[in-house]
S.K.: 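The structure follows.
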Amino acid sequence: GGGCAAESLEGLRERVACGEAARAPEEGGPVHFLHVPRTGGRTLFHCLLMASTLKERRCPSSYMGELREEGYGGAGFDWDCDLSGSHDDASVLDTGLVTPKARVVMQVRDPVARVLSSYEFAIEVASRSMLKPEKVAETIERAHNNSRAHTWEVYPWSELVPWMQKDLRARSRWVMAEAEAAGVPSDWKDSVRGLIENPYNASVVMPLDEFVRSDIVHRHVHNAASRQLLGAAGDSIHAEEASQFHECYEGLRLQHETGARATGEGGSSGEVGLREMEEEMIRLAKARLEKLYFVTTSENITQSAETMAATLGKDLSKAAASGKVSVGNAFMFCAANAQAKSRSKRTASLGKLKEPAPAGHKPGSHLLRFSKGARKLIHEETLAYIREANRVDGELYEAAKALYASRRAALQKQGKTQSMPRLPKNSNLNINDKMKKWLEKDDRLAELEKAGKFSGWMTPQELKARLADLEGRPQRPVDGSGELR
C-alpha cells in the first residue's frame with residue numbers, strides 16, 4: 001500500500017543528500033561517465049573520452065563491477081587516473097568508490113526509444129548463442145583473455161539476456177513443432193523468402209507488448225535513467241534499500257493498474273502513493289541532473305561529442321591518444337566503425353530468427369529484422385504503456401534536453417565549440433570481409449523493406465539455376481534487384 005512510499009522516499013532523499021554533500025568535483029579533475037544503457041553512451045565513452053585520454057591515464061575497465069572490488073576506490077584509495085565509466089548507478093559516487101573530485105557526465109535518451117532499443121538488443125544478444133547456449137562460457141573466457149567485458153556479465157544484460165534466451169529457445173521449439181504439424185517441409189529454414197512484416201509481434205520472439213509489461217523489465221529497464229541517477233538501480237550498492245524501494249513502487253503500480261482496469265478509469269486506491277513517489281523521484285532526479293558537470297542527449301551524437309569536448313576542455317584538432325590522428329578524426333572514424341560493426345553483428349545474429357513463410361507464399365522462411373520503418377507498426381497502446389511506465393524518465397529527458405541546449409548555446413556564443421571533421425567517403429573502416437558481407441546483406445534487406453517487398457525472394461541457388469535456364473534467350477533489361485522474382 002501507499003504507506004511504504006513515505007519511508008522509501010525518506011531513505012532515498014537521505015542517501016542522495018549525503019552523496020551530494022560528499023562530492024567536490026574539481027576543474028580539470030578526473031571524468032566519470034555515468035553510462036545509462038542503450039543511450040549511445042558507448043560511442044561517447046569509447047570514441048571521444050577514451051580517444052582523448054592517454055591509455056596509461058585511463059582507469060581500469062569497470063563495466064563488470066570492478067569498482068566494487070576490494071581495494072578499488074573508497075577511502076584511502078589513490079585515484080590516480082583520469083577517466084572511468086560504467087553502467088553502475090550513482091551509488092558508486094555516493095559511497096566514494098568513484099573519487100569525489102570526479103566531474104560526472106551523463107547522456108539521456110528519449111525513454112520510448114531507449115526501451116525499444118533495449119528490447120531489440122536483448123533479443124540480438126540472446127540469439128547469438130541460442131542454438132548453442134553451452135558456448136557462452138567459452139565466449140566469456142575469450143573476452144576475459146582479451147581484457148574485454150562480455151555482455152552477459154554487464155548489467156542489465158546479465159539479468160535480461162539469460163531470461164530472453166530461455167524464452168527464444170522455447171519459442172523456437174514451438175515454431176518448429178507447429179511447422180511440422182502443419183506439414184511444412186522440414187527444410188523450410190534453408191530458403192529465405194522474405195522479411196517478417198512486423199518483427200515486434202512475431203511468433204519466433206517475445207512480442208514487444210509482453211516484454212514491456214514483464215516484471216523483469218519494470219525492474220531493470222523502465223525509468224532506468226532516473227533510477228541510475230538516484231542510486232536506486234537493480235544493481236545498486238544500496239541493494240537492500242533499492243530492492244525495498246522497487247518493491248514499494250511496483251506494489252503501488254500494480255495496485256493502480258488493477259484498479260484502473262476494474263473501474264475503467266485512470267484513478268485507483270494506489271494512485272496517490274504511486275504519484276507521490278513519482279513526483280518526488282522526478283524532483284530529486286532533476287535536482288541531481290542539474291548538479292552534474294555535463295549532460296547531453298542522444299538526438300545528435302556528433303553534436304553531443306562536440307559540446308562535451310568543449311565542456312571538458314578537449315581540443316578536437318589536437319592529437320588523439322593514439323598519436324596518429326586528431327581527436328576529431330579519431331571520433332568520426334571510431335563512431336562510423338562502431339556503427340558498422342554493430343550493424344553487421346545484429347544482421348548476423350538476427351539471421352537465426354526465422355518463421356515459416358505464411359500460407360499462400362512459396363515454402364521457405366521469413367527473417368526477423370528490426371528497423372525504423374518496422375517501428376511504425378508498433379501498436380499505439382504499447383507505446384502508451386511504455387510512456388506511462390517511464391513517466392519519471394520522460395520528465396528527466398525533457399529536463400536534460402533543456403540543460404543541454406542551454407549549455408551548447410552558451411558555449412557557441414563564447415566561441416568554444418569546434419565542429420567535427422567530415423569523414424572522407426573513401427575511408428577504410430576497420431572491419432573484416434565477413435562483416436562486410438553482413439553489411440551488404442543488411443543494405444539489401446533495407447532496400448527490399450523500403451520497397452515493400454517482404455516476400456517472394458529467390459535463393460542464390462535458384463537465381464543461378466534461373467540464369468542458366470535463361471542463357472541464350474533474349475534478355476529484358478534488369479534493374480539490378482537480382483534476388484527478387
Side-chain angles (χ1 to χ4, degrees), residues 36-39 87 109-130 133 151-152 154-175 195-228 233-235 246 249-250 253-254 256-258 260-261 298 342 345-346 349-355 366-394 397:
V36 181
R38 307 315 293 171
T39 59
H87 287 325
R109 186 178 186 181
D110 171 71
V112 174
R114 181 182 55 75
V115 170
L116 295 181
S117 181
S118 297
Y119 169 75
E120 294 164 1
F121 188 67
I123 289 174
E124 176 194 336
V125 177
S127 68
R128 291 175 190 167
S129 56
M130 64 174 282
T151 308
W152 278 66
V154 178
Y155 180 82
W157 315 115
S158 54
E159 302 288 341
L160 295 169
V161 173
W163 168 72
M164 181 60 78
Q165 186 176 93
K166 182 178 179 180
D167 183 84
L168 283 180
R169 295 182 70 203
R171 291 177 189 273
S172 178
R173 289 193 295 268
W174 180 83
V175 168
L195 291 172
I196 295 172
E197 194 159 355
N198 186 354
Y200 298 94
N201 190 28
S203 61
V204 75
V205 296
M206 179 186 297
L208 173 64
D209 193 76
E210 181 180 336
F211 175 85
V212 300
R213 295 173 191 271
S214 65
D215 291 342
I216 192 171
V217 171
H218 274 283
R219 182 72 179 99
H220 302 294
V221 179
H222 294 324
N223 287 323
S226 301
R227 293 177 190 269
Q228 192 162 342
D235 69 336
H246 172 73
Y249 181 87
E250 282 301 287
R253 181 187 65 79
L254 291 171
H256 169 54
E257 284 190 4
T258 303
R261 286 196 297 269
S298 304
S342 176
K345 288 174 71 174
R346 180 172 63 247
S349 300
L350 297 182
K352 300 181 178 73
L353 302 175
K354 304 173 184 177
E355 291 181 355
H366 281 196
L367 279 177
L368 187 90
R369 182 180 186 272
F370 296 119
S371 67
K372 289 183 180 179
R375 285 186 178 187
K376 295 177 183 178
L377 299 173
I378 299 172
H379 292 164
E380 176 54 35
E381 182 181 348
T382 301
L383 295 174
Y385 186 91
I386 296 172
R387 285 191 286 269
E388 178 62 23
N390 289 272
R391 200 172 78 86
V392 180
D393 266 13
Y397 171 64

S.K.: Using every non-hydrogen atom in the two residues, find where Val212 and Val115 come nearest and quote the distance to one decimal.
M.R.: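 Here Val212 and Val115 meet closest at CG1-CG1, 3.9 Å.
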S.K.: For the atom pair CD1 (Ile216) and CZ (Phe211), what is the distance rounded to the nearest 0.5 Å?
M.R.: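 Between atom CD1 of Ile216 and atom CZ of Phe211 there are 8.5 Å.
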S.K.: Would you say the side-chain atoms of Arg227 pair up with the backbone N or O of Gly234, donor to acceptor, closer than 3.5 Å?
M.R.: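 It does not hold such a pair.
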S.K.: Please enumerate all residues that pass salt bridge (charged side-chain N to carboxylate O under 4.0 Å, His left out) together with Arg219, with sequence neighbours excluded.
M.R.: none
S.K.: Determine whether Val112 and Tyr397 satisfy the following criterion, side chain to side chain contact (heavy atoms under 4.5 Å, CB included), listing intermediate values before the conclusion.
M.R.: CA-CA 11 Å; Val112 174; Tyr397 171 64; over 6 Å; no
S.K.: Within the 4.5 Å heavy-atom criterion, are Phe121 and Val161 side-chain neighbours or not?
M.R.: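 They are not in side-chain contact.
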S.K.: Please list, chain by chain and in numerical order, all residues satisfying ring pair (Phe, Tyr, Trp, His ring centres under 6.0 Å) with His220, sequence neighbours excluded.
M.R.: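 In terms of ring pair (Phe, Tyr, Trp, His ring centres under 6.0 Å), with neighbours along the sequence ignored, His220 is linked to Tyr155.
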S.K.: Measuring from atom CE of Met130 to atom CG of Leu353, what distance do you get when rounded to the nearest 0.5 angstrom?
M.R.: 5.5 Å
S.K.: Only counting residues at least two apart or in another chain, list the ones meeting side-chain contact (heavy atoms from CB on, under 4.5 Å) with Lys345.
M.R.: Glu124, Arg128
S.K.: Can you list the residues that meet the side-chain hydrogen bond (donor to acceptor under 3.5 Å, both in side chains) rule with His218, with sequence neighbours excluded?
M.R.: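 Partners of His218 by the side-chain hydrogen bond (donor to acceptor under 3.5 Å, both in side chains) criterion, ordered by chain and then number, come out as Arg253, Tyr385.
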S.K.: What distance do Trp157 atom CH2 and Ser118 atom OG have between them, rounded to the nearest 0.5 Å?
M.R.: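 Nearest 0.5 Å value for the CH2-OG distance: 4.0 Å.
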S.K.: For Glu210, which residues count as a salt bridge (charged side-chain N to carboxylate O under 4.0 Å, His left out) partner, sequence neighbours excluded?
M.R.: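 Testing Glu210 for salt bridge (charged side-chain N to carboxylate O under 4.0 Å, His left out), a comparison that skips the adjacent residues, returns Arg171.
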S.K.: List the residues meeting side-chain hydrogen bond (donor to acceptor under 3.5 Å, both in side chains) with Asp110, not counting sequence neighbours, and say none if there are none.
M.R.: none
S.K.: How would you list, by chain and number, every residue that makes a side-chain contact (heavy atoms from CB on, under 4.5 Å) with Glu380, sequence neighbours excluded?
M.R.: Leu383, Ala384, Arg387
S.K.: Can you name the residues that form a side-chain contact (heavy atoms from CB on, under 4.5 Å) with Ala170, not counting sequence neighbours?
M.R.: Arg173
S.K.: Check whether any side-chain heavy atom of Ile123 sits under 4.5 Å from a side-chain heavy atom of Leu350, and report yes or no.
M.R.: yes
S.K.: If I compare all heavy atoms of Arg109 with all of Ala113, which pair ends up nearest, and what's the gap?
M.R.: NE-CB, 3.6 Å
S.K.: If we only count heavy atoms from C-beta on, is the Ile196 to Arg369 side-chain gap below 4.5 Å?
M.R.: no
S.K.: Does Ser349 offer a backbone N or O that forms a donor-acceptor pair with the side chain of Ser127 under 3.5 Å?
M.R.: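 Yes, because the side chain of Ser127 sits within donor-acceptor range (under 3.5 Å) of the backbone of Ser349.
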S.K.: What is the minimum heavy-atom distance between Ala126 and Met164, and which atoms define it?
M.R.: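 Result for this residue pair: CB-CG, 3.8 Å.
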S.K.: Got a sec, which residues hit salt bridge (charged side-chain N to carboxylate O under 4.0 Å, His left out) with Arg114, two or more places apart in sequence or on another chain?
M.R.: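 Once residues adjacent in sequence are excluded, the partners of Arg114 under the salt bridge (charged side-chain N to carboxylate O under 4.0 Å, His left out) criterion are Asp393.
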S.K.: Working to the nearest 0.5 Å, report the span between CG of Leu367 and CG of Leu195.
M.R.: 6.5 Å
S.K.: Within a strict 4.5 Å, meaning less than it, do heavy atoms of the Arg38 and Leu116 side chains meet?
M.R.: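 A side-chain contact under 4.5 Å is absent here.
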S.K.: Who pairs with Thr382 by side-chain hydrogen bond (donor to acceptor under 3.5 Å, both in side chains), at least two apart in sequence or on another chain?
M.R.: Asp209
S.K.: Just do the side chain to side chain contact (heavy atoms under 4.5 Å, CB included) check on Asn223 and Tyr249 with the steps written out, would you?
M.R.: CA-CA 12 Å; Asn223 287 323; Tyr249 181 87; 3.5 Å; yes
S.K.: When you measure from the side chain of Thr258 to the backbone of Leu254, do you find a donor-acceptor pair of N or O atoms at a distance under 3.5 Å?
M.R.: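 Yes; at least one donor-acceptor contact below 3.5 Å.
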S.K.: Quick check against the 3.5 Å criterion: does Ser298 have a side-chain atom that pairs as donor or acceptor with the backbone of Thr39?
M.R.: yes
S.K.: Could you pull out all donor-acceptor pairs under 3.5 Å where a side-chain atom in residues 198-207 meets a protein atom, sequence neighbours excluded?
M.R.:
from	atom 1	to	atom 2	distance (Å)
Asn198	OD1	Tyr200	N	3.1
Tyr200	OH	Glu120	OE2	2.4
Ser203	OG	Glu355	OE2	2.8

S.K.: Under the rule for side-chain hydrogen bond (donor to acceptor under 3.5 Å, both in side chains), what residues qualify as partners of His87, not counting sequence neighbours?
M.R.: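 Not a single residue meets the side-chain hydrogen bond (donor to acceptor under 3.5 Å, both in side chains) criterion with His87.
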